[in-house]
There are 2 protein chains.
Amino acid sequence: MTTSVFTPTPASIPPRDAGLRLRQNPDLPVHIHPLNPLDFLLRAAQIYPEKVALVHRDVAHPVHYTFAVWAQRVQNLAYALIKAAVKPGDRVAVIAPNSPLIADAHFGVIAARAILTPINTRLRPQEVAYILEHSGARLILVDYEYTHLIKGTNIPFIVSNDTGKPGDPYETFLSDGRKFSGEKGWAGLDADSDENTPCVLCYTSGTTGRPKGVLTTLRGSYLAAIANAFEGQMNSHSTYLWILPMFHAAGWTFPWASVFAFATQITLRTVNYTHIWNHLLHSGVTHYCGAPTVQIGIINDPLAKKPPQPVKAIIAGAAPTPHLIAGLETIGITPIHVYGLTEVKRDQADPPESALTCCRPMRSKLMARQGHAFATAQEVRVVYQPAEHSKEDELIDVPRDGKTLGEIVTRGNIVMKEYFRDPEATAKAFRGGAFRSGDLAVWHPDGTVAIMDRSKDIIISGGENASSLAIEQELASHPHVLEVTVVARKHIKWGERPMAFVVLHPQHASKWAGRHHDFADDLKAHAKARLPGFACPEWVEVVPELPKTSTGKILKTELRKVVAKL
Amino acid sequence: MTTSVFTPTPASIPPRDAGLRLRQNPDLPVHIHPLNPLDFLLRAAQIYPEKVALVHRDVAHPVHYTFAVWAQRVQNLAYALIKAAVKPGDRVAVIAPNSPLIADAHFGVIAARAILTPINTRLRPQEVAYILEHSGARLILVDYEYTHLIKGTNIPFIVSNDTGKPGDPYETFLSDGRKFSGEKGWAGLDADSDENTPCVLCYTSGTTGRPKGVLTTLRGSYLAAIANAFEGQMNSHSTYLWILPMFHAAGWTFPWASVFAFATQITLRTVNYTHIWNHLLHSGVTHYCGAPTVQIGIINDPLAKKPPQPVKAIIAGAAPTPHLIAGLETIGITPIHVYGLTEVKRDQADPPESALTCCRPMRSKLMARQGHAFATAQEVRVVYQPAEHSKEDELIDVPRDGKTLGEIVTRGNIVMKEYFRDPEATAKAFRGGAFRSGDLAVWHPDGTVAIMDRSKDIIISGGENASSLAIEQELASHPHVLEVTVVARKHIKWGERPMAFVVLHPQHASKWAGRHHDFADDLKAHAKARLPGFACPEWVEVVPELPKTSTGKILKTELRKVVAKL
């Protein structure tokens, strides 16, 4: 790892012989230590104080921090928040791209016993205002590039110019925290006695209504992070590249998982494929996360080639196509498909309420089907309501026949605690005593769960249930397709029929220029050879790009609006 | 893996579409699932039903079980125990070598919500009787080879002939459990609502007094097992070889850690180096545990050569010498040194109350020194009582100077809950609000903890503290030394001086036959070049073997008795 000359601010340098223990409640039994992801950082600072923890390089002012220095900055942040009158349980909003600011916040806000509230930087000011108001944020930590999102706010805020240098307002904030601490150090900060205390509040993107606040606990974060580190087989030789925005569902817990494993993290402010490939090829990156759409961008970049070290790509947000999985494997990247449960009754929700199932590396189709309980998750089930059961809250397992469609539900330690300040929505999401995903699936005899679709995405064609996901996977195997999505369109005879929207692969787009109708025929023939008639797309439309959420998920709701007008 | 033709008993075959969920307390919130290592097996049976979980081959009746079949056997065992009137919280003793019986018990006893009480097969009948009485065992599961240990007991017992065949009393017990279950399956068994419920009771070997019962909880076992799987980088391609007796401190949690990782386990009834090397070379073994003395036997066996696959050796029970570490690395085995806390005020205690520190692979000396907090452990400290602090329960950290001697203490989730039925001993072990290990160490400026010795093992020579451990490590580097141990011997001038007991390496023993005095001089010269004068052994005695506990720890107490008479 090449790192330019950089010296952290004096307030970032920890004292020699610094203790690395929070003040624990002395009334707890000796064998009980409340689970808390903050402990990962204290342990890393103890075991690997001189190892590089955080690298932020592709910016005007590159910085890097060792675990010892980073832990000190986190401690400074905790004291700075306490000095700013942040009390346990208060919400601290963070609006920042991947950068030390938001990485610090994942530990420093918890160290102050407050609740981290990351806000999507791609939202509009009025959406940000809603989240700030709903969360009742006491303070905002904001990156210089996103101050326009909080223009006119009454809430106190601290700006980071992302320089890491004295004079940067964020650095001044940290330095003042260090002064305020009076060098009491970690022992001056209380550990939470209750591991079920909330620590993160992530808002859904709210494409069809107001965003909801997904509240998760210290225990849930700790156990999910350990599971991610284990499933990803991360260790102290790992390097994690931040392509996924950290504000997205607490970065799928990787801000903590990476530290648990003593891995080095590299932060990228934007999804820049040149930077990504530079790091994949020259910085020893072993792990990264990304939605399928980002993964498609990575494998189709002109710089793409096999990295010198093994790389694991954690994929979630949507099901990867067999085509994408094969594409990753071709360049030596091992995909790990994680199914993150998204919110009930919503098409495109950002934060998974829990990362639930994990696909162990398997090949193409088999891989794209599955769904298995995550290491520390419990009880992934597929349930339905047979006609003879009328109670909506009675959850009956579907037969494991690979055919009967049901809803994926779960419970356990890595499920959210609740929707913040929304008991009605919480009760609805948890009806029947399990978290209702709204995702439809079948259960195979071998115990794997095959996600068919969101409830809305099933196309009822001639009385048959056609999975838009299954159709998309077959269409994606056409060599000229870069991205494809399928929605239902009304049909006089069949009720509904699939309509496909396709982005052509740049290398082949010219071939079909002015002949999109011929391409549509070609793709339909491709589909006919692979799918039952009722699942073949009746219409194919070539488009320059697909509408997406701020986190790269395809906005089927937008396409449905288009289709409704046809 | 070659496995002979074997068909499990009909009662072991699970029904198709078997549910793999325990009955959960419906009053628990959706985001709370009590931690329980039994869930590892249910998850493995769901995800890898057909994968081989357990192989027991080097016996008259070889058996192997897939995760699905094994889980069914465990369920049968749980129902059989319930049928035998075992109630939640009751103790079920197991007296068995490594075999399916004791592997089953690590899950089946927990599934019946009872407390597993493994008993060391190397104890004498009166010691076994004491443990059975003290634990108040309700039932005994005993291997056919060890029935003499419970002769005349009033407690009901079930014998396993270790055949896995119909007609074997243990198999009949399981089959009757299956019948008793009425096919209610897992859903007919209640999950414990409280993860702090005890699940294992292991007795110390009690060389200087009555054995004590170390009680650990579901939560502690779950978190320690996950940490072991993570630290060992185990996964579904791993194969764990049972050399360490499973009755020893719940097999250092590897009965659960292996299943968490979906690894295959191979059980060996005895420490047979021919079998061990056969499996290392031909069965794809990737992980095993063993005390240093066993590891020495492995590397010095004539069959020893580099296995075709990478192998990790987890070492605990005593500090490995740099010589041993180098020896393992030479044949491609990566040592991972785990410091398992042993009981306060006792020289050779069998079960670590917690596996506390873990040595990441590092070379020789550095490796043999350290000690770092384990993945899910907390707060390893080295404490002392400066003269100005008179309260015995006030724990003050020693300076991190690599010099000041203190006691290793800890607290956290993987520490035992208590000594069973011994509140006095528990209070003593936990005085000051931490578990007092009785092990002496220094704290280095880099945060590592260097274990110097048990309190008793420090030799006060001419007013200097000489660590017998450090002396042993230097003596072990002599090429003709197979094993060595050092104890204090009274000395008129210096107070105490080190005395070394040495077992010569078989390849070099003949060279020194009849010339042990010359060897003593040679070893003293070797020591003089490497150690300060006060730490050099004044006496060297060549012995055919060292006295050891039933689990292979050197019995320094025995040697001290010998020395006292000199």
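Below, chains carry the letters A, B, ... as their sequence lines are ordered, and counting in each starts from 1. Model, not experiment: these values are computed from the prediction.
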[X] portion near chain A, given a 4.5 angstrom heavy-atom threshold:
X	result
B:Ala68	neither
B:Ala45	neither
B:Pro49	side chain
B:Leu42	neither
B:Asp401	neither

- Any idea which of B:Arg219, B:Glu50, B:Arg16 has the most non-hydrogen atom pairs under 4.5 angstrom with chain A?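 Ranked by heavy-atom pairs under 4.5 Å with chain A, first place is B:Arg219.
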- Item | B:Lys403, NZ: over 12 other non-hydrogen atoms inside 6.0 angstrom |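 Count not over threshold, so no.
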- Message: Treating B:Gln233 as the side-chain partner and A:Met234 as the backbone partner, does any N or O pair qualify as donor plus acceptor under 3.5 Å?
- Response: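 Looks like yes, one N/O pair under 3.5 Å.
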- Would you check if the side chain of B:Asn413 reaches a backbone N or O of A:Ile32 as a donor-acceptor pair within less than 3.5 Å?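 Not a single qualifying donor-acceptor pair exists.
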- Task: Please report the C-alpha distance between B:Ile414 and A:His31 in whole Å, then the side-chain angles of each, then the deciding distance to 0.1 Å, and finally whether the side chain to side chain contact (heavy atoms under 4.5 Å, CB included) criterion is met.
- Result: CA-CA 7 Å; B:Ile414 66 179; A:His31 71 291; over 6 Å; no
- Could you walk me through whether B:Leu35 and A:Leu223 pass side chain to side chain contact (heavy atoms under 4.5 Å, CB included), step by step? CA-CA 10 Å; B:Leu35 303 179; A:Leu223 291 171; 3.9 Å; yes
- Query: If you tally heavy-atom pairs under 4.5 Å against chain B, which of A:Pro399, A:Gly220, A:Gly19, A:Ala229 wins?
  - Reply: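 That would be A:Ala229.
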- Item | Nearest non-hydrogen partners of B:Phe435 and A:Val30, listed with the distance |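 Closest pair (atom of B:Phe435, atom of A:Val30, distance): N-CG1, 3.8 Å.
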- Task: Take B:Arg21 and A:Asp397 through the test side chain to side chain contact (heavy atoms under 4.5 Å, CB included) and record every step on the way to the result.
- Result: CA-CA 12 Å; B:Arg21 288 193 311 275; A:Asp397 288 6; 3.3 Å; yes
